[in-house]
Engineer: 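Take a look at the following structure, please.
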Amino acid sequence: MRNAFFTIIFMSFLFCIHSEAQVERPNILWISHEDLSPIYGCYGDKYATTPNIDKLAKSGIIFFRAFSNAPICAPARTTLITGMYAPSLGTQNLRSDIPVPEDMKILPEVLRGAGYYTSNNVKTDYNFSFEGRWDDCSKTAHWRNRPEGKPFFSVFNFMITHEGPINALRSEDTGQLKKHHDPDKAKLPPYLPDSPKMRKIWAHMYDLLSVFDNDVAHLLEQLEEDGLLENTIIFVFSDHGHGLPGHKRWLDNSGLQVPFVLHVPEKYKYLVSNINTPKTDQIVGFVDFAPTVISLAGAQVPEMMEGKNFLGEKSQSKKYTYGYRDRADDCYDMSRSVCDGRYIYVRNFMPQMPYFQNAIIFHKAGSYEEIHRLEKLGQLPEGTQKMLRRKPAEQLFDLKNDPFEQNNLIDKSNLQDVVANLSEKLNSWMLKHHDTGLFNEGEMMQRAKNSHTSVFEMARDCSDQDFARILEAAQKVGKIEDVKELIPYLKDEDSAVRYWAVVALDAFDGDISAVDDILTSLLDDKAESVAIKAAELKIKRQNDEKALDTLAKMLKLDFEPMVLQAAISTRLIGDKAAPLISEIQNEIMPRYSGNVWGRYQNWLYPMFIGMALDQTQINCGYKVEINK
């Protein structure tokens, strides 16, 4: 009888512990904003005015080595919400619609299964469908809409610091502020020209940060009103670097490093027991945010997720963070990076492409317009001029001694061990995750479509040996001394290998006549991606009429991602596209026209096809009106 009594007492005790654990699960709030590097006051930036974030940081943790995995929003946000590297899923390009595995559970789905209410207000930009994955994803989404008693995971995304407002210099965007930042006190980085207008833009960016700081205060007030502040773990962070040249779209530390402040109420400090200081140099990437939040919620992290939990007793420290840059708007590029906290190594797989391409997105008002104005006057500093030139195939920067990444150390004899180590780490990472950036975007999607699978599954159906061969071909870009080295790759059975061989020819400055017969044959390649790239190169080098016919044919395809490649190639041939203008204006552009910017059908492929073809018309002397 006595044993039975104690058994009942013990079981009641366990039940109370279990019930308390259910009630005491933390709420989790993400407060994210656009396009800013680590310039909060709590990071030591004396020019910043961020009292509310700084107050939150005083009782929280400031991460000094937090990184977006991509320097532009869609792949960055895809990585955040999936806990997977975007090139694993095929979601690395800016704004696309990629088929993902049916059994893939993203962060809000996992938390919903664990009993959380999930809300997102309002930006997604995930590169795949988010339908049905949140309890509420709308402009009115809020934790206050949850059923009583449920813990919540709520996300608020603020657009005010986006590159649009930064460059627009609209006074109404900062009208709520009592005090504005003085442009004369701005400290510009060496890669931006020090002109009065650039100083105004820089100061305005800090004003917009102050507006965001007020938004943070408003959310904190709501938590206090609801009696939830001491029950809520709060993440405050940006999606990538500044919305200015040299940052957003740039695959180096200035584009990837983000501010990240973590507030953990006293009752939940045990959940972050691995960090016992208010500031940390622990390396964390966006790919790690989802598994970390799931762990904070006491739920099971899906095996498919590639990130690591970075908080608590079961945290896993990382020595490296990886970055990727692929198509942004209508500009192809492909670069990969790896950073150990001190050094960042970048491999540019399309070094012939300058960061500033001749594209509409790089002719916008604001900072880009100012750079072009000063370029015509011959008044650009060397740091800015580099952005307009072709890139090195490899780069190495010492972030400790060169925080603005102005000195490429790739050839320094005393750093070859560092280069070798980081290069090997990057190669291993690309192969391990079957990096789908090694496929042309259109072909990647065609292969998935033909195999009736997601891009993720298609890539994993490729053998490790096949992927190694494609990477081997891609690594030839910017590295060959004789075009004959490319002959085996140009004739390879795998179209992805052939594609990279043509890219390597494009990046080669010397005579390519030794492989001209092969290049001509590739105009009829069964892989459209190869034929398009071969046509672009033959037009640029030889003004080849058959190649023009190839491009014209590809611009009329029904598959939009492949049409986009053809449109980009047409833009890249400059005024040599003149014979195609009539067809572009009368037959092709009408297929993609609509009301976005008063010009384009929608925000996906039709917009980028239209942008590329509009720049093509401008290249050929025609005037185009775009209402951005």
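Quick note: residue numbers are just sequence positions, from 1. Since the model is a prediction, treat every value here as computed from it, not as a measurement.
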Engineer: Counting C-beta onward and ignoring hydrogens, is there a side-chain heavy-atom pair between Val236 and Tyr40 closer than 4.5 Å?
Structural biologist: yes

Engineer: Would you confirm whether the ring centroid of Tyr322 sits within less than 6.0 angstrom of the ring centroid of Phe67?
Structural biologist: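 That pair fails the under 6.0 Å test.
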
Engineer: Could you tell me whether the side chain of Arg133 and the main chain of Pro108 form a donor-acceptor pair under 3.5 Å?
Structural biologist: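 Not a single qualifying donor-acceptor pair exists.
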
Engineer: Would you say that more than 12 heavy atoms from the other residues, nucleotides or ligands in this model lie under 6.0 Å from the CD of Gln300, or not?
Structural biologist: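 Counting neighbours around CD of Gln300, 12 or fewer heavy atoms of other residues, nucleotides or ligands fall under 6.0 Å, so no.
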
Engineer: Do Phe608 and Tyr605 make the cut of ring centroids closer than 6.0 angstrom?
Structural biologist: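 Here the rings of Tyr605 and Phe608 have centres that are no less than 6.0 Å from each other.
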
Engineer: With no hydrogens and no angle check, is any side-chain donor or acceptor of Asn93 less than 3.5 Å from a backbone partner on Arg327?
Structural biologist: yes

Engineer: Which residues pass the salt bridge (charged side-chain N to carboxylate O under 4.0 Å, His left out) test with Asp35, not counting sequence neighbours?
Structural biologist: Lys248

Engineer: Starting at CG of Asp97, measure out to OG of Ser129 and round the result to the nearest 0.5 Å.
Structural biologist: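 Going from CG on Asp97 over to OG on Ser129, the span is 7.5 Å.
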
Engineer: How far apart are the C-alpha atoms of Gln406 and Tyr191, what are their side-chain angles, what is the distance that settles it, and do they pass the side-chain hydrogen bond (donor to acceptor under 3.5 Å, both in side chains) test?
Structural biologist: CA-CA 8 Å; Gln406 293 300 288; Tyr191 41 82; over 6 Å; no

Engineer: For Lys139, is there any backbone N or O sitting under 3.5 Å from a side-chain donor or acceptor partner on Asn121?
Structural biologist: yes

Engineer: Identify the heavy atoms of Pro302 and Ile294 that sit nearest to each other, and give their distance.
Structural biologist: CD-CD1, 4.0 Å

Engineer: Are Ser423 and Asn427 side-chain neighbours, meaning at least one heavy-atom pair lies under 4.5 Å?
Structural biologist: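 Side chain of Ser423 against side chain of Asn427, heavy atoms only: contact under 4.5 Å found.
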
Engineer: Which distance, rounded to the nearest 0.5 Å, do you find between the CD of Glu34 and the NZ of Lys123?
Structural biologist: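 Reported to 0.5 Å precision, the distance equals 3.5 Å.
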
Engineer: Are side-chain heavy atoms of Lys425 and Asp340 found at a separation under 4.5 Å?
Structural biologist: no

Engineer: Excluding sequence neighbours, so at least two apart, what forms side-chain hydrogen bond (donor to acceptor under 3.5 Å, both in side chains) with Asp281?
Structural biologist: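 Counting only residues at least two positions away or on another chain, Asp281 forms no side-chain hydrogen bond (donor to acceptor under 3.5 Å, both in side chains).
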
Engineer: Under 4.0 Å between a side-chain nitrogen and a carboxylate oxygen: does that hold for Asp333 and Lys391?
Structural biologist: yes

Engineer: Might you confirm whether atom NZ of Lys432 has over 12 heavy atoms from other residues, nucleotides or ligands at distances under 6.0 Å?
Structural biologist: no

Engineer: If we only count heavy atoms from C-beta on, is the Ile470 to Phe439 side-chain gap below 4.5 Å?
Structural biologist: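 In short, these two side chains touch, coming nearer than 4.5 Å.
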
Engineer: Would you call Asp326-Arg336 a salt bridge at under 4.0 Å N-O?
Structural biologist: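 A salt bridge is present here (some side-chain N lies under 4.0 Å from a carboxylate O).
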
Engineer: Would you say the side chains of Gln395 and Asn348 form a donor-acceptor pair under 3.5 Å?
Structural biologist: yes

Engineer: Does some side-chain heavy atom of Thr321 sit less than 4.5 Å from a side-chain heavy atom of Asp288?
Structural biologist: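 Heavy-atom side-chain distance check fails, nothing below 4.5 Å.
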
Engineer: Testing Val261, Leu56, Ile28, Leu219 for side chain to side chain contact (heavy atoms under 4.5 Å, CB included) with Ile234, which one passes?
Structural biologist: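 Between Ile234 and the candidates, side chain to side chain contact (heavy atoms under 4.5 Å, CB included) is satisfied uniquely by Leu56.
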
Engineer: Taking all non-hydrogen atoms of both residues, which atom of Asp213 and which atom of Ile53 are closest, and how far apart?
Structural biologist: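 Asp213 and Ile53 have their closest heavy atoms at OD1-N, 2.8 Å.
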
Engineer: Does anything in residues 209-228 form a ring pair (Phe, Tyr, Trp, His ring centres under 6.0 Å)? List the pairs, not counting sequence neighbours.
Structural biologist: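 Sorted pair list: His33-Phe212, Phe158-Phe212.
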
Engineer: Between Arg112 and Ala114, is there a donor-acceptor pair closer than 3.5 Å when you use the side chain of the first and the backbone of the second?
Structural biologist: no

Engineer: Tell me, do Gln92 and Met334 make a side-chain contact under 4.5 Å, heavy atoms counted?
Structural biologist: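 No. Closest side-chain heavy atoms not under 4.5 Å.
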
Engineer: Which residues pass the salt bridge (charged side-chain N to carboxylate O under 4.0 Å, His left out) test with Asp54, not counting sequence neighbours?
Structural biologist: none

Engineer: Quick check: does any side chain N or O of Gln257 sit under 3.5 Å from a backbone N or O of Phe64, one acting as donor and the other as acceptor?
Structural biologist: yes

Engineer: Heavy-atom count check: over 12 atoms from other residues, nucleotides or ligands less than 6.0 Å from Lys314 NZ?
Structural biologist: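 No, the 6.0 Å shell around NZ holds no more than 12 heavy atoms from other groups.
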
Engineer: Test Leu422 against every option in Val346, Leu415, Asp417, Val338 by the side chain to side chain contact (heavy atoms under 4.5 Å, CB included) rule and name the one that passes.
Structural biologist: Val338

Engineer: Answer whether the closest heavy-atom distance between the side chains of Asp215 and Phe156 falls below 4.5 Å.
Structural biologist: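 They are not in side-chain contact.
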
Engineer: Is the backbone N or O of Thr49 less than 3.5 Å from a side-chain atom of Ser210, with the two atoms forming a donor-acceptor pair by type?
Structural biologist: yes

Engineer: Taking the six-membered ring where the residue is Trp, are the ring centres of Tyr47 and Trp202 under 6.0 Å apart?
Structural biologist: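 That pair fails the under 6.0 Å test.
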
Engineer: Nearest heavy-atom pair of Leu251 and Ser337: which atoms, and what distance?
Structural biologist: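 Residues Leu251 and Ser337, closest heavy atoms: CD2-N, 3.7 Å.
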
Engineer: Please name the pair of heavy atoms, one in Ala48 and one in Gly41, separated by the smallest distance, quoted to 0.1 Å.
Structural biologist: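 Heavy-atom minimum between the residues: CB-N, 3.8 Å.
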
Engineer: Please check if atom NZ in Lys150 has more than 12 non-hydrogen atoms from other residues, nucleotides or ligands closer than 6.0 Å.
Structural biologist: yes

Engineer: List in chain and number order the residues that pass salt bridge (charged side-chain N to carboxylate O under 4.0 Å, His left out) with Arg65, two or more places apart in sequence or in another chain; answer none if no residue qualifies.
Structural biologist: none

Engineer: State, to 0.1 Å, how close Gly285 and Asn69 come at their nearest heavy-atom pair, and which atoms those are.
Structural biologist: C-OD1, 3.9 Å

Engineer: What distance do Thr232 atom OG1 and Leu223 atom CG have between them, rounded to the nearest 0.5 Å?
Structural biologist: 5.0 Å

Engineer: ring-ring contact (aromatic ring centres under 6.0 Å, His included) between Trp429 and Tyr320: does it pass, once the steps are laid out?
Structural biologist: CA-CA 10 Å; Trp429 175 82; Tyr320 307 98; over 10 Å; no

Engineer: With under 30° as parallel and over 60° as perpendicular, where do the rings of Phe152 and Trp143 fit, or are they tilted in between?
Structural biologist: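 Taking Trp143 first and then Phe152, their aromatic rings lie parallel (interplane angle under 30°).
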
Engineer: Please report the shortest heavy-atom distance between Thr436 and Ala459, naming the atom on each side.
Structural biologist: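 Nearest heavy atoms, Thr436 then Ala459: CG2-CB, 3.6 Å.
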
Engineer: As an exercise, state the distance from CG of Asp398 to CZ of Arg342, rounded to the nearest 0.5 Å.
Structural biologist: 4.0 Å

Engineer: Would you indicate whether the side-chain heavy atoms of Asp435 and Tyr324 approach each other to under 4.5 Å?
Structural biologist: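 With C-beta onward as the side chain, the pair stays apart.
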
Engineer: Can you say whether the rings of Tyr268 and Tyr270 are parallel (under 30°), tilted (30 to 60°) or perpendicular (over 60°)?
Structural biologist: tilted

Engineer: Determine whether the aromatic ring centres of Phe128 and Phe456 lie less than 6.0 Å apart.
Structural biologist: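 No.
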
Engineer: For Asn120 and Asn157, test the side chains for any donor-to-acceptor distance below 3.5 angstrom and give the result as yes or no.
Structural biologist: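 Distance-only check passes for Asn120 and Asn157.
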
Engineer: For Glu441 and Ser96, which I'm curious about, is there any donor-acceptor pair between the side chains at under 3.5 Å?
Structural biologist: no

Engineer: Hey, is CD on Gln176 packed in by over 12 heavy atoms from elsewhere, all under 6.0 Å?
Structural biologist: yes

Engineer: Looking at Arg460 and His433, would you say the former's side chain and the latter's main chain have a donor-acceptor pair under 3.5 Å?
Structural biologist: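 Checked: pair present.
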
Engineer: For Arg144, give me all partners under salt bridge (charged side-chain N to carboxylate O under 4.0 Å, His left out), at least two apart in sequence or on another chain.
Structural biologist: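 Scan of Arg144 (salt bridge (charged side-chain N to carboxylate O under 4.0 Å, His left out), adjacent residues dropped) gives Glu225, Asp226.
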
Engineer: Are the side chain of His204 and the backbone N or O of Ile166 linked by a donor-acceptor pair below 3.5 Å?
Structural biologist: no

Engineer: Establish, yes or no, whether a centroid distance under 6.0 Å links the rings of Phe310 and Phe63.
Structural biologist: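 Close enough - the centres of the two rings lie under 6.0 Å apart.
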
Engineer: Any sub-3.5 Å donor-acceptor pair from Thr118's side-chain atoms to Asp135's backbone N or O?
Structural biologist: yes

Engineer: Which value, rounded to the nearest 0.5 Å, describes the distance between Met305 atom CE and Met104 atom CE?
Structural biologist: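 Result: 8.5 Å between the selected atoms.
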
Engineer: Examine the side chains of Asn167 and Ser367 and answer whether a donor and an acceptor come within less than 3.5 Å of each other.
Structural biologist: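 Yes, side-chain donor-acceptor contact under 3.5 Å.
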
Engineer: Spell out, as yes or no, whether a donor-acceptor pair under 3.5 Å connects the side chain of Ser68 to the backbone of His240.
Structural biologist: no

